Amino acid sequence: MRTSWADSVENAASGSSDNHGTGGGLAPTMPTYIPPHLRNRPPILESPAPSFSGPPSGNDRGGGYTGPAGGSRWAGGSRPDFGRQGYSTGGRGSSGWGNRGGWDRGRDREVNPFGNDDIDDDAEHAFSEQENSGINFDAYEDIPVETSGNNVPPPVNTFAEIDLGEALNLNIRRCKYVKPTPVQRYTIPISLAGRDLMACAQTGSGKTAAFCFPIISGIMTGNFAQRPRGTRTVYPLALILSPTRELSCQIHEEAKKFAYQTGVKVVVVYGGAPINQQLRELERGVDILVATPGRLVDMLERAKVSLQMIRYLALDEADRMLDMGFEPQIRKIVEQMDMPRLGERQTMLFSATFPKEIQRLASDFLSNYIFLTVGRVGSSTDLIVQRVEYVQESDKRSHLMDLLHAQKANGVQGKQALTLVFVETKKGADSLEHWLYNNGFPATTIHGDRTQQEREQALRSFKSGNTPILVATDVAARGLDIPHVSHVVNFDLPNDIDDYVHRIGRTGRAGKTGLATAFFNDNSMSLAKPLADLMQEANQDVPAWLTRYASRVSYGGGKNRRSGGGGRFGGRDYRRDTSFNRGGGGTDYYGGNSSSGYGNYGGGYGPGVTSAWD
DNA sequence: AAAAAAT
């Protein structure tokens, strides 16, 4: 049995070494966490000594790409060849960049995104939980993966099997990635084969790398027409769209790491920041453009950006973008500007859910695509202890303070455990932040009424532990990967259970454990049933009073279960192909489920499986 | 009803 709230916090913060015996909450089957660097040794990375012998000097692209030129990369050469050599496949010394124009854009003073420590990852200290390799790979072992479509390339088990080139391999090593996550195991070969992809997957499990690696590799090895110069229009080769500014920044940060010293230039553009600065950055050269839709449309209309050289298009969090009303902008970008047509570009569509609107998008944007569904890390909320407390509106603040005090007393804050507090409104966020601050709790806030600068500052301050309490609206609910959030408080519960799932997904990231506390009262009654069901399915302790409320409320189950309408959600390939591959070590994740065992992915609330939270 | 995103 779980003992006290304080213990829960401790468990949540302790990095999961003591998951057993806590009874209902934590996954009883979670193995003890072993840092990846202590497993799978020696590292699976190919290419022994010489290629990794040291970081190339800043003046070099890392030796260039020496693998076989990707003959099969474009699916049997069916793709048009733009004819001219753009990026050199890599004779060392003969940088493709040099050929392209005389000025070494893209590698002048490239900041090392890895900091100083660079490649020595074996020192024990290098493996504090700080590293993003704190991913619990064991949690990935039995993740269900299913693919369908024509001629699905087989997944790989190691990075060594994938021919990404030395420079990229070096960065993979710098990132301390030991082995590919499931989404990477499948997505990378699919993408390298030049195929379009519809993927139901979550971030925080390697999705960004999954679509960045092949794009970067493709740009390094591909042949591209000389891009027009002498104009102020820029011609990126790849476009990555994402719904929020912070997500775009996050993707940009990651992509820069992967592209370090490859000569591939990644630039991000988004609203709320001075456009001129972004334009200047673009003019210094861009291969991969990461963007939010609004700002990109703006730039397209001003003819600052042309899409006619796009060879790779990735849409991240597609369902969220539609939710936010971006469909017109997205369709404009993809269909009504100068984007190459279907089949002349490679498109990857990522979405947590697969309702009709996304299916339409898939059939409009994708050509002969492969459909991929990746289950979540652990079964959704396995790694998250969920608590619900009945708190009257007027008592919420003092109750929150009690929680925070208890946390402090536990020394959790001393360890820089972070607490993310969700509220319903922007005003509410501000006022709660002030109140916390005035009461001695270092807090900051993120919501849509703050300037972009303030938002980014808030996120930085939170991540760094300077203000270990972040009060947020739903702008922060999805996709953001903030390490070390050990506690999510639903100060105001959302109206939609999906939003709840996304919010609590900000903790328990990457195989770590987390705690989620919800303040429930009469205002949240519509959530009683879906919440009780969700918690039940996640093997959480459901308070008796919540069960009573749940049974009393008869409405609210339909929509939240996504039973009909959007179809068997979760990632059913509605084209109904029959060639399924099953991955994830062959474990039938859904064994024992009397239903099809297939329609319950992601947002379908099958046993233990809830909506993918990203 | 609120939130997000272009100005």
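These numbers come from a predicted model, not from an experiment. The sequence lines fix the lettering, A, B, ..., with proteins before strands; numbering per chain opens at 1. Values below: all heavy atoms of this structure, side chains included; hydrogens, waters and symmetry mates excluded.
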Given [options], identify the nucleotide with an atom nearest to the side chain of [X].
{"X": "A:Thr473", "options": "B:dA3, B:dA5, B:dA6", "value": "B:dA3"}
{"X": "A:Glu424", "options": "B:dA1, B:dT7, B:dA4", "value": "B:dA1"}
{"X": "A:Arg295", "options": "B:dA1, B:dA5, B:dA6", "value": "B:dA6"}
{"X": "A:Arg245", "options": "B:dA1, B:dT7, B:dA4", "value": "B:dT7"}

How many angstroms lie between [atom1] in [X] and [atom2] in [Y], if you round to the nearest 0.5 Å?
{"X": "A:Met321", "Y": "A:Ile358", "atom1": "CE", "atom2": "CD1", "result": "8.0 Å"}
{"X": "A:Leu400", "Y": "A:Phe519", "atom1": "CG", "atom2": "CZ", "result": "5.0 Å"}
{"X": "A:Leu307", "Y": "A:Met299", "atom1": "CG", "atom2": "CE", "result": "12.0 Å"}

Protein-nucleotide distance ([X], atom [atom1]; [N], atom [atom2]), rounded to Å:
{"X": "A:Ile275", "N": "B:dT7", "atom1": "CD1", "atom2": "P", "answer": "7 Å"}
{"X": "A:Met299", "N": "B:dA5", "atom1": "CE", "atom2": "P", "answer": "16 Å"}
{"X": "A:Asp496", "N": "B:dA2", "atom1": "CG", "atom2": "P", "answer": "16 Å"}
{"X": "A:Arg450", "N": "B:dA4", "atom1": "CZ", "atom2": "P", "answer": "12 Å"}

Could you tell me whether [X] contacts a base, only the sugar-phosphate backbone, or nothing, with contacts defined as non-hydrogen atoms closer than 4.0 Å?
{"X": "A:Gln452", "result": "nothing"}
{"X": "A:Arg455", "result": "sugar-phosphate"}
{"X": "A:Pro243", "result": "sugar-phosphate"}
{"X": "A:Gly272", "result": "sugar-phosphate"}
{"X": "A:Asp474", "result": "nothing"}

Discussion item. Under 4.0 Å from OP1 or OP2 of B:dA4: is there any side-chain N or O of A:Lys426 that close?
Written reply: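 For B:dA4, OP1 or OP2 has a side-chain N or O of A:Lys426 closer than 4.0 Å.
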
Item to complete: Verify whether one side chain among A:Ser461 and A:Thr467 offers a donor that lies under 3.5 Å from an acceptor in the other.
Response: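 A donor-acceptor contact under 3.5 Å links the two side chains.
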
